[in-house]
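Below is one structure, written out as structure tokens; comments come after it.
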Number of protein chains: 2
Amino acid sequence: MVRDGRIRDGAGAACAVRVQRGRPELALTELSRRAGLPLTTTHRIVGELAGWGALERADDGRYRVGLRLWEVGALAPRGLGLRESAMPFLEDLYAVTKQNVQLAVLDGTEVVYLERLSGRGAVNVITRVGGRLPLHATGVGLVLLAHAGPDLQERVLAGPLRRYTPKTLCAPDELRRTLAEVRRTGVAVSDGQIELIALSVAAPVRGARGEVVAALSVVVPAETSDARAYVPVVRAAARGISRVLGAPDSR
Amino acid sequence: MVRDGRIRDGAGAACAVRVQRGRPELALTELSRRAGLPLTTTHRIVGELAGWGALERADDGRYRVGLRLWEVGALAPRGLGLRESAMPFLEDLYAVTKQNVQLAVLDGTEVVYLERLSGRGAVNVITRVGGRLPLHATGVGLVLLAHAGPDLQERVLAGPLRRYTPKTLCAPDELRRTLAEVRRTGVAVSDGQIELIALSVAAPVRGARGEVVAALSVVVPAETSDARAYVPVVRAAARGISRVLGAPDSR
DNA sequence: CCCCGGGTTTCCGCCCACCGGAAGCCGCGT
DNA sequence: ACGCGGCTTCCGGTGGGCGGAAACCCGGGG
């Protein structure tokens, strides 16, 4: 895959091309530069990928991620599969609260957001479907970490813990106490730990064998005084999804 | 890619492995068989893909589509990008109708479903996020076909037109008239053409330069007597999305 | 206990498909 | 006309992927 420190093939190149914010189309030269591959090589690889549909050409000749790739991604059980089961409950939760409703799973040492329903009036937060954030600073992250294996917990607590706001919990012992609290109460409250304007209430979603497979949260404005009032509805929605996942769904 | 009729590489193998209905995890041997590749080769390729996160191993050692792949797919502008812009309008439409709400785009000679909000009470139809259906039999398909280039229209009308139900329109001239009607009225109504129990009302979503980039539909039970009543709301939602896409969204 | 069989993993030498330099093409601005 | 930056085509040398062989792992049955 990687040889003498240089990236040599398609998969590696894909790795190297980091997420594009803003205009999501890239020219060939740009791709070549970012991937660190010769222009000719990039041209060939990109051509093959486009032939298969993994990339598409925009009207101006630039390349963008293709619909085929989206389609294949849609087959991921932990992606759209989970989302599919959870959706009715997310809709209900959104209908009741009219706030941001988020569904996320654990991957490596981060959370990946699977879904986000955000009403017009809700707080505008940085999370994005398909986006990643660290475990220690988000409501869903704390829930997932609290129920993860001790090895992962230690790895996260040992690693560098980025401080997003003055309220971000970064001290390992403080985090340990919080995690114990999350396990005890079954919910996590992250108040301004990622963005000062937002507060999230999160609860675990469990799979068929009772293991935590995802986390659900509602994000409300930080100044909400009765944030605890959201705990029952979030918990109920999470339970609802867990029940659906538990039933092996005859189809 | 393909040499002397045999599939030789990862991309080709991925092509060959068709969508799994039911259990979405496959054993190594199964993959090898489906891809038509030697066991050893499959083992190596799958190992690399898993190392990168494109595949994941389930608890029992089987392989499934990984979260990384889902994540990359989420970057497709015509996938989640479009969906992101459309979501608030889909939610509104769902809130008003409490029926299935669908968003789809054109790819090749088929429609690909990007999103589907389905309430508990709504008709249970076969469409699935990430799924494909032919153009001639669905409401969204008729809308997309009606506004596509004449070359594509001819190709579709010439090709075999599968009959899903007795009501499916398969005669080319009849379809041509329908398409003209869709262009004139700006909406398509597909009554029991894909499943007898369902009727859908669809409208076009336009991009920044007025070109049709997607289609939106509401699916109601076939026995609904006042199906035409849904036309204004669907049209309004489609217009709303078009307006958002037209504004180049300063961010 | 040992053996058997199906699935999985490791090892390694041969060969061909991928790499990437060179050259040609296209379209724009001067 | 000419230069230039970006894209595409061509093709020969070679190193990385291919896949046969063999080892490994594990549950079941004699």
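The structure presented is a predicted model; accordingly, all values stated were derived computationally and were not measured. Quick note: numbers below take in every heavy atom, side chains included, and nothing from hydrogens, waters or symmetry partners. Throughout, protein chains are lettered first and strands after them, A, B, ... in sequence-line order, and every chain is numbered starting at 1.
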pair A:Leu69-B:Trp70: side-chain heavy atoms closer than 4.5 Å: no
Rounded interatomic separation in angstrom, taking CG from A:Leu26 and C1' from D:dC7: 16 Å
Side-chain N or O of A:Thr41 closer than 4.0 Å to phosphate OP1/OP2 of C:dG20: yes
Short side-chain N/O contact from A:His43 to OP1 or OP2 of D:dC7, under 4.0 Å: no
Derivation and outcome, salt bridge (charged side-chain N to carboxylate O under 4.0 Å, His left out), residues A:Arg83 and B:Glu115: CA-CA 11 Å; A:Arg83 200 202 83 111; B:Glu115 182 55 277; 2.9 Å; yes
Phosphate OP1/OP2 of C:dT9: any B:Arg57 side-chain N/O under 4.0 Å: yes
Whole-Å distance separating the CG atom of A:Leu37 from the P atom of C:dC18: 15 Å
Whether over 12 other heavy atoms sit under 6.0 Å from B:Arg239 CZ: no
Atom-to-atom span, CG of B:Leu28 to C1' of C:dT10 - whole angstrom: 13 Å
Short side-chain N/O contact from A:Thr29 to OP1 or OP2 of D:dC7, under 4.0 Å: yes
Residues forming a side-chain hydrogen bond (donor to acceptor under 3.5 Å, both in side chains) with A:Asp151, sequence neighbours excluded: none
N or O in side chain of A:Arg62 less than 4.0 angstrom from D:dC7 OP1/OP2: no
Closest listed nucleotide, where the reference is the side chain of B:Tyr63 and the choices are D:dG19, C:dT9, D:dT8: C:dT9
Selection from C:dT8, D:dC7, C:dT10 that lies nearest to any side-chain heavy atom of B:Thr40: C:dT10
